[in-house]
Amino acid sequence: HLMPLNCLWGELKQPFKDELPTRQAQLSTLQDTEEFDVLVVGGGATGSGCALDAVTRNLKTALVERNDFSSGTSSRSTKLIHGGVRYLQKAIMKLDYEQYMMVKEALHERSNLLDIAPHLSAPLPIMLPVYKWWQLPYYWAGIKMYDLVAGGQCLKSSYVLSKNKALELFPMLKKDKLVGAIVYYDGQHNDARMNLAIALTAARHGAAIANYTEVVHLLKKTDAGTGKEKVCGARCRDVITGNEFDVRAKCVINATGPFTDSLRKMDDGKNTNICQPSAGVHIVIPGYYSPDNMGLLDPATSDGRVIFFLPWEKMTIAGTTDTPTDITAHPIPREEDINFILNEVRNYLSPDVEVRRGDVLAAWSGIRPLVTDPNSKDTQSICRNHIVNVSDSGLVTIAGGKWTTYRSMAEETLDAAVAAHRLGGGPSKTVGLVLEGGQDWSPTLYIRLVQDYGLENEVAQHLAATYGGKAFDVAKMARVTGKRWPIVGNRLVSEFPYIESEVRYAVKEYACTAIDVIARRTRLGFLNVQAADEALPRIVDIMGKMLDWSDKKRTEELEAAKKFLYLEMGYRSRSEQLTGTTEITLDTQEVANSVLIDRYTNRFHKFDKDSKGFITTVDVQRVLQNISVQIDENALHEILNEVDLNKNGQVELNEFLQLMSAVKKGQVSDSRLAILMKTAEESLDLRGPVTVDRSGGGV
């Protein structure tokens, strides 16, 4: 473990240790400061890392981000903190020293990140199943090399498992031809929250940071000594109000990820593109697809890519793909990528486990900003590492690299900036610098939350793992439930441990929109789009009160968040599984099996007593009352709305048959209406016919 920084450097200044400045106060500082030493453009992991590195060198630091912190690639990763097993394989195969050093650096950074944010990160065992005897020593040697390169920073030693032991730990694994498995350790984290922790730590140390603040153009002045134009700041615009202002700085750092080239062209229109974007799609499926604390690595997919299959936030993440893409702020997961991942998952899981398209609860696409090196003669070859470039006008660009190495990339960038602009400030102080929430965290902190505030156990564990020592601030804002237990903490949706006070706290953490809350302050949008959709009205209501939103603004926020879930989080793909666009009909085999259609039609008619050809909430309520089941009317409307394709407030027979076909094919799962009607039918059949006198004579 690393020596605490205060031993090495003396106590670092934290002017905002107790209370973060509001976003408005941050904007005022940006406008009123005569000149900053450093202005960072981009609030992803690398940009936030640069701001933290700069401010802890005692440089006057500003950061602007045109969307939200971590709204781009940094929140859409595989959630691993890793050295890169496959890079090491390439390094050994090709005797490539550069690749080897890249892995070594990443393993050092992995160790540091697990130390400085223990609440947000943890080691995760990952299993590599082996299906051919000769592969066992080959993979074992490779994984042992990974441990050796990590040296003293190896998380835990890798080990080999017999077939039986592997199946005991990962029971859903395919048994056929399995000869054994190798388990190694990497780190895992909550990426958007980690990014936010880096940005908030920079703010605590005095950096002026503002999200929803975009760069309109760069400011330049002529250098008196050389006569050359030099970048001296940026014209910025508050995206929320439209207000424009200048931020002046001795040095501007371009840390805009996939948008690297747009800022480089603002600096010099003749600059060629260096970013070659690639899209990586991930899907989220229910937690029962993987053990609670064991991931899976598929080292050789059908097209040569690596697929990870990892437990995360009580769900399972599978990904990723790697396809060339256009640069966009709103990447959309494609149906073919979702199906590619599902097929790879099927190859590794037991035939007993039916992998259904309908089990995809969320899907997203992140853009990897792969770069070619502008300093190199061969501008075509993609740089496997990151590049730091200082332009003639003094713009410092940091591009490429990966999540795990954000800190060392930031250090290298600031070293280049300090040298190019003669800023002073001393060496980097970020190794071992504990991030927001990490200082007062301990593995048993959640117990104090349960005991002191009367929070549910699951909610307390979630708060401790998300906010660390700051979880007490969230708990203090929680309202009384009015129940015997839990005493405080109203959930936003019943099946997730997110509570309403997190929305209030999110505003303190610079959340400006409902999307910020569902995607990055909480991770609900990434875990289950339907649950996020259900939570939205309450989130908008709480934020609206805190931020004084008009009715018009509330409606806009709701619509924008719904659109985000629909396009960027895979809701469209999920809902299309139930619409005519994917041509879901009862196929010929099923049609031939008229017994099946008769069964579904009879089920439908048990609800449609008057043979109207459709059912409404009233019909469902009547049947449920017969079997003594009560469901809230609003919930019932929601259940029917999921299946009501033409949105006319009723479910027709053909809509119901389409639903049952989609359920049977696995294209739709967890349909509340299908399960409700099946259960009701079974209860009615068990009870037999209701006599006229008992039913009150009928209506």
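For clarity, every value in this text was computed on a predicted model and none was experimentally measured. For the single chain, residues carry numbers from 1 onward in sequence order.
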Report the residue from Val231, Ile253, Val64 that forms a side-chain contact (heavy atoms from CB on, under 4.5 Å) with Leu39.
-> Val64
Heavy-atom distance under 4.5 Å between the side chains of Glu509 and Leu200, does that happen here?
-> yes
Closest non-hydrogen atoms of Ala203 and Tyr510, given as atom of the first, atom of the second and distance, are CB-OH, 4.5 Å
Is the closest basic N to carboxylate O distance between Asp68 and Arg521 below 4.0 Å?
-> yes
Can you check side-chain hydrogen bond (donor to acceptor under 3.5 Å, both in side chains) on Asn254 and Arg264, steps first, answer last?
-> CA-CA 8 Å; Asn254 171 12; Arg264 291 178 74 247; over 6 Å; no
Any Trp549 side-chain heavy atom under 4.5 Å of Glu556 side chain = no
Basic-acidic side-chain contact under 4.0 Å: Glu436, Arg204 = yes
Under the side chain to side chain donor-acceptor pair (under 3.5 Å) rule, collect the residues that match up with Arg237, sequence neighbours excluded.
-> Glu214
Does Lys563 pair with Glu559 as a salt bridge, N-O distance under 4.0 Å?
-> no
Test Glu313 against Arg523 for salt bridge (Lys or Arg N to Asp or Glu O under 4.0 Å), laying out the working first.
-> CA-CA 9 Å; Glu313 301 283 319; Arg523 304 311 305 273; over 6 Å; no
Looking only at non-hydrogen atoms, find the nearest pair between Cys236 and Val247 and report the distance.
-> SG-CG2, 3.9 Å
Can you tell if the side chain of Leu536 reaches within under 4.5 Å of the side chain of Leu565, non-hydrogen atoms only?
-> yes
Can we say Glu35 and Lys60 salt-bridge, meaning some charged N sits less than 4.0 Å from an Asp/Glu carboxylate O?
-> no
Is Lys265 salt-bridged to Asp261, cutoff N-O under 4.0 Å?
-> no
Note, His205 side chain near Leu52 side chain (heavy atom, < 4.5 Å) | yes
pair Glu34-Arg248: side-chain heavy atoms closer than 4.5 Å | no
Salt bridge (Lys or Arg N to Asp or Glu O under 4.0 Å) assessment of Asp223 paired with Lys230 | CA-CA 6 Å; Asp223 186 294; Lys230 292 286 181 188; 5.6 Å; no
Please say which of Ile338, Ile283, Val281 ends up in a side-chain contact (heavy atoms from CB on, under 4.5 Å) with Thr321.
-> Val281
Indicate whether any N or O donor in one side chain lies under 3.5 Å from an N or O acceptor in the other, for Arg407 and Thr430.
-> yes
Are any non-hydrogen side-chain atoms of Leu114 and Arg110 less than 4.5 angstrom apart?
-> yes
Do the ring planes of Phe308 and His82 sit parallel (below 30°), tilted (30 to 60°) or perpendicular (above 60°)?
-> perpendicular
Where do Asp186 and Gly83 come nearest, in terms of heavy atoms and distance?
-> OD1-N, 3.9 Å
Tell me, please, which residues at least two apart from Arg57 pass side chain to side chain donor-acceptor pair (under 3.5 Å).
-> Asp53, Asp415
Heavy-atom side-chain proximity of Cys50 to Met409 below 4.5 angstrom = no
Partner of Ser77 by side chain to side chain donor-acceptor pair (under 3.5 Å), out of Asn195, Thr320, Thr404, Asp191 | Asp191
